[in-house]
Amino acid sequence: MNRAWLVKSEPNAYSYEDLERDGRTPWDGVRNYQARNFMRDEMQIGDAVLFYHSNVADPAVVGVARVASEAYPDPTQFDADDPHFDPKASPDAPRWMLVDLEPLRRLTQAVPLARLKEDPALEGLALVRRGNRLSVMPVDDAHFRHVLELGGADPDAL
DNA sequence: GCCAACGTTGGC
DNA sequence: GCCAACGTTGGC
């Protein structure tokens with residue numbers, strides 16, 4: 001049984017359209033231990049991932065992606081020219097792990113944060129918990145299915 | 001190990 | 001641009 005997840009991305013930096021264009025992308029730059037642990041320890045190939053656009057006028061879940069690789073070291077941690085460079089990491093002792101993501105399908109209707117917040121069926125969804133700053137988080141299967149339905153997608157047809 | 005200072009996230 | 005929430009850092 002695959003699990004479901006949600007990742008946040010600022011569309012100015014990397015949008016769902018960018019993921020569709022690229023076909024596949026390493027989910028790099030995550031520098032939070034809890035988020036890393038989810039990717040490193042719990043994500044499995046084939047898991048479904050809600051793709052959320054943050055830091056925009058109307059933040060929303062806009063598409064579904066899929067985990068496309070096992071976890072491996074985030075190469076940006078070793079690159080001194082990269083903004084996500086971590087001087088305390090080395091190839092022998094990597095600190096930050098990531099997985100690759102592939103686009104599955106864009107939602108026919110984006111599901112805005114405001115909509116998620118007001119829906120009693122989504123109570124407990126980590127994204128709408130106050131003060132939540134995680135950029136990678138697990139999503140209950142029932143919540144996942146509900147968000148897809150709100151977005152006009154059939155959860156059984158992924 | 002405590003905790004104040006600081007930086008970041010992200011909604012509004 | 002503001003600011004609340006939260007994680008990290010570093011002095012002690």
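Protein chains get the first letters and strands the later ones, always in sequence-line order, with residue 1 at the start of each. Everything numeric in this text was worked out from a predicted model, so none of it was measured.
A:Phe51 and A:Trp27 have perpendicular rings, their planes meeting at more than 60° on a 0 to 90° scale where under 30° would count as parallel.
Looking at residues 5-15 of chain A, you'll see that no heavy atom sits under 4.0 Å from any atom of DNA chain C.
Under the 3.5 Å distance criterion, with hydrogens and angles disregarded, a donor-acceptor pair is assigned to the side chains of A:Asp119 and A:His146. A:Thr76 and A:Asp74 form a side-chain donor-acceptor contact under 3.5 Å, judged by distance and modelled atom types alone.
The aromatic ring centres of A:Tyr33 and A:Trp96 sit less than 6.0 Å apart.
By the neighbour-count criterion of 12 heavy atoms within 6.0 Å, atom CD of A:Glu70 is sparsely surrounded, having that number or fewer from other residues, nucleotides or ligands. Within a 6.0 Å radius of CD in A:Glu123, no more than 12 heavy atoms belonging to other residues, nucleotides or ligands are found.
Put simply, the residue from A:Gln109, A:His53, A:Glu17, A:Arg106 that forms a side-chain contact (heavy atoms from CB on, under 4.5 Å) with A:Val62 is A:His53.
For DNA chain B, the span of nucleotides reached by chain A at under 4.0 Å from its heavy atoms goes, 5' to 3', from B:dG7 to B:dC12.
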